[in-house]
Protein chains: 2
Amino acid sequence: MSDSGERSTTAAPRKRADARRNEQSLLDAAAEVFVTAGVQAPVRVIAARAGVGMGTIYRHFPTRADLVIAVFRHQVDACAQAGPALLADSASPSVALTRWVDLFVDFLVTKHGLAAALQSDDAQFQTLHAYFLDRLVPVCERLLEAAAAAGETRSDVDAYGLLRAIGSLCAGAAGAAGTTESAGTTGGADTTEVAGVAADSGYDARRMVHVLVAGLAVPDP
Amino acid sequence: MSDSGERSTTAAPRKRADARRNEQSLLDAAAEVFVTAGVQAPVRVIAARAGVGMGTIYRHFPTRADLVIAVFRHQVDACAQAGPALLADSASPSVALTRWVDLFVDFLVTKHGLAAALQSDDAQFQTLHAYFLDRLVPVCERLLEAAAAAGETRSDVDAYGLLRAIGSLCAGAAGAAGTTESAGTTGGADTTEVAGVAADSGYDARRMVHVLVAGLAVPDP
DNA sequence: TAACTATACGGAGCGATGTTCCGGTTAGCA
DNA sequence: TGCTAACCGGAACATCGCTCCGTATAGTTA
């Protein structure tokens, strides 16, 4: 992933040094702003933080979704790659599914407003939605099929619906924090054991997702 | 519902006739606009439709939530009142709960963007959120407690969490329509038998809610 | 090294939307 | 009929997404 940008066909039309520098600045700035102000933070804020103008941010990331995807890409990929691994390592497909869902939920819940953005019907986030779906639906599908084949879950729920439902359930939780900002959480933000935060007034997205997944085990009606 | 407004203590400080006329115009206009453009429709549009100025709409309904609540109030009340009735009429508490949830879901799904607004962390909708909760949490609580007492559901999920989860699951579906506008739907918008619409790309909020509720039947982990 | 050009930069500016404010209008009453 | 408090309307201000274009510069070539 690191290295430069495109490097596949012929001689790469290498970008100018200042362009690449600015792109990186924007990614860093966006990552920081997303943590504090959420994925919906004003574009101007991100541009200002990166020390660039409005034109620059839109040149590098035509839509907000592009920026969001760029910031979270490797985390989504990691989640996607964890699917097959879990399926291989777990005692049963349904256990693998549960674990994978936990992974996904933990990712969503720790990103302010990400889940809400995924749910948004805003045209701006169409691409983001599509990216998540492209990456995760196939993975979830395999887990779901394996579980269904083992007779461990009902078969009338597809991966798309399940992922959307999970995203929805998480949107209620993560987004609510908003401007409140959860104390420090200095640097880390990865191994922070995000355990039972429950965030606002007692809504626990993880628990509700667990209930949902448990509902999959109930035989078809 | 009809009649005037406040009529409880002392001599009501009756509003002027034009004020009441405008308030009603706004309610009618808002109801119409909500159907086609969703609850998030621009304030100007509603004001224009009602044939009043910006000042007027804000004077009668200081926040958008106030307007939304006023438009849907009696439907929410109906939903709240259906709870005890279902509990009395159904074969078992869990059946009553399921039926009541269906009622609630049908209500949410048919109101463009309502569920999304409920989920929104926007301060503007705080009041709306609170209103729904005030009205429905007690009802849901009774159903849930009855079901738990009968040993039909797990007991670690409270009414608040369940309602929020349901709202979330519905937000994904209803909001997606957005600007697309569903044909005419001239006046009615009540007995339209909204059956199995499924709306966008195959996500069925009702089904996912059913899975969630089914998950409640799984014994505590 | 100096000139040149494709590339990139920056921010002013436009349109949309929420919200406030204030001068003009009018309903209800004496 | 005349008065006043209540009410109305929309201009005006603020925020935000997004575009456009004149300016600056990185990289190249003579």
Side-chain angles (χ1 to χ4, degrees), chain A residues 4-6 11-27 29-30 33-34 37-68 113 116-117 120-128 178-179, chain B residues 4-6 11-27 29-30 33-34 37-68 113 116-117 120-128 178-179:
Chain A
S4 47
E6 322 303 293
R14 219 179 53 227
K15 285 190 199 170
R16 255 168 54 169
D18 54 349
R20 308 195 57 204
R21 202 165 40 232
N22 277 333
E23 185 170 331
Q24 192 55 49
S25 297
L26 279 169
L27 281 176
V33 172
F34 286 171
V39 186
Q40 298 268 16
V43 183
R44 279 171 171 74
V45 171
I46 301 173
R49 180 111 174 198
V52 306
M54 297 295 304
T56 303
I57 195 171
Y58 277 100
R59 193 171 313 108
H60 286 293
F61 305 98
T63 78
R64 183 195 298 271
D66 294 317
L67 184 53
V68 176
S120 162
D121 53 338
D122 197 332
Q124 192 173 35
F125 287 115
Q126 210 76 23
T127 315
L128 182 65
T179 32
Chain B
S4 46
E6 322 302 293
R14 221 180 52 228
K15 285 190 199 170
R16 258 169 53 171
D18 53 349
R20 308 195 57 205
R21 202 165 41 234
N22 277 332
E23 185 171 330
Q24 191 55 50
S25 297
L26 279 169
L27 281 176
V33 172
F34 286 171
V39 186
Q40 298 269 17
V43 183
R44 278 172 174 75
V45 172
I46 301 172
R49 182 109 172 199
V52 305
M54 296 298 304
T56 303
I57 195 171
Y58 275 99
R59 192 171 316 106
H60 287 293
F61 304 98
T63 77
R64 182 194 299 270
D66 293 317
L67 185 54
V68 176
S120 162
D121 53 340
D122 197 331
Q124 191 172 38
F125 287 115
Q126 210 76 22
T127 315
L128 182 66
T179 32

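Just so we're on the same page: letters track the sequence lines, and every chain starts at 1. Only this structure's heavy atoms are used, side chains among them; waters, hydrogens and symmetry mates stay out.
Atom CG of B:Leu67 and atom CD of B:Glu23 lie 10.0 Å apart (nearest 0.5 Å).
Looking only at atom types and distance, the side chain of A:Asn22 has no donor-acceptor partner in the side chain of A:Ser25 under 3.5 Å away.
Between the side chain of A:Arg16 and the base of C:dA8, no donor-acceptor pair of N or O atoms lies under 3.5 Å.
Nearest-nucleotide assignment on DNA chain C puts the 5′-proximal partner with A:Glu23, out of A:Glu23 and B:Ala17. Along DNA chain D, the nucleotide closest to A:Thr63 and the one closest to A:Lys15 are compared, and the more 5′ of them pairs with A:Thr63.
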Inset, instruction - Step by step, work out the side chain to side chain contact (heavy atoms under 4.5 Å, CB included) result for B:Val68 and B:Phe61. - result: CA-CA 9 Å; B:Val68 176; B:Phe61 304 98; over 6 Å; no

Legend entry - Audit row: B:Asp66, B:Leu128, side chain to side chain contact (heavy atoms under 4.5 Å, CB included) steps and yes/no: CA-CA 7 Å; B:Asp66 293 317; B:Leu128 182 66; over 6 Å; no

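Taking every side-chain heavy atom of A:Val43 into account, D:dG17 is the closest of D:dC7, C:dG18, D:dG17. Residue B:Gln124 places its side chain closer to C:dT19 than to any other of C:dA8, C:dT19, D:dC18.
Whole-Å rounding puts the B:Phe61 CZ to C:dG18 C1' distance at 17 Å. Between B:Ile46 atom CD1 and C:dT17 atom C1' the separation is 12 Å, expressed in whole Å. The separation between A:Asp66 atom CG and D:dC18 atom C1' is 14 Å, rounded to whole Å. Distance A:Tyr58 OH to D:dC20 C1': 14 Å, rounded to the nearest Å. Per the geometry, CZ belonging to A:Arg20 stands 13 Å off P belonging to C:dC9, to the nearest Å. Rounded to an integer number of Å, the gap from CD of A:Gln40 to P of D:dT15 is 18 Å. Distance B:Leu26 CG to D:dG9 C1': 12 Å, rounded to the nearest Å. One interatomic measurement links the two molecules: CG of B:Asp18 to C1' of D:dG9, which rounds to 12 Å at whole-angstrom precision.
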May I have the list of side-chain donor-acceptor pairs in residues 38-60 of chain B shorter than 3.5 Å, sequence neighbours left out?
{"residue": "B:Arg49", "atom": "NE", "partner": "B:Glu32", "partner atom": "OE1", "Å": "2.8"}
{"residue": "B:Arg49", "atom": "NH2", "partner": "B:Glu32", "partner atom": "OE1", "Å": "2.6"}

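Dashed line: the shortest gap from a side-chain N or O of B:Asn22 to OP1 or OP2 of D:dC7 is not under 4.0 Å. In terms of phosphate contacts, A:His60 brings a side-chain nitrogen or oxygen within less than 4.0 Å of OP1 or OP2 of C:dC9.
Exactly one of A:Arg20, A:Lys15, A:Arg16 qualifies for a side chain to side chain donor-acceptor pair (under 3.5 Å) with A:Asp18. That residue is A:Arg16.
Across all non-hydrogen atoms, the minimal contact from A:Phe125 to A:Ala117 is CB-O, 3.7 Å.
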What protein N or O atoms touch nucleotides 10-14 of chain D N or O atoms at under 3.5 angstrom, if any, and at what distances?
{"residue": "D:dG10", "atom": "N7", "partner": "B:Met54", "partner atom": "N", "Å": "3.1"}
{"residue": "D:dG10", "atom": "N7", "partner": "B:Gly55", "partner atom": "N", "Å": "3.4"}
{"residue": "D:dG10", "atom": "O6", "partner": "B:Gly55", "partner atom": "N", "Å": "2.7"}
{"residue": "D:dA12", "atom": "N6", "partner": "B:Arg44", "partner atom": "NH2", "Å": "3.3"}

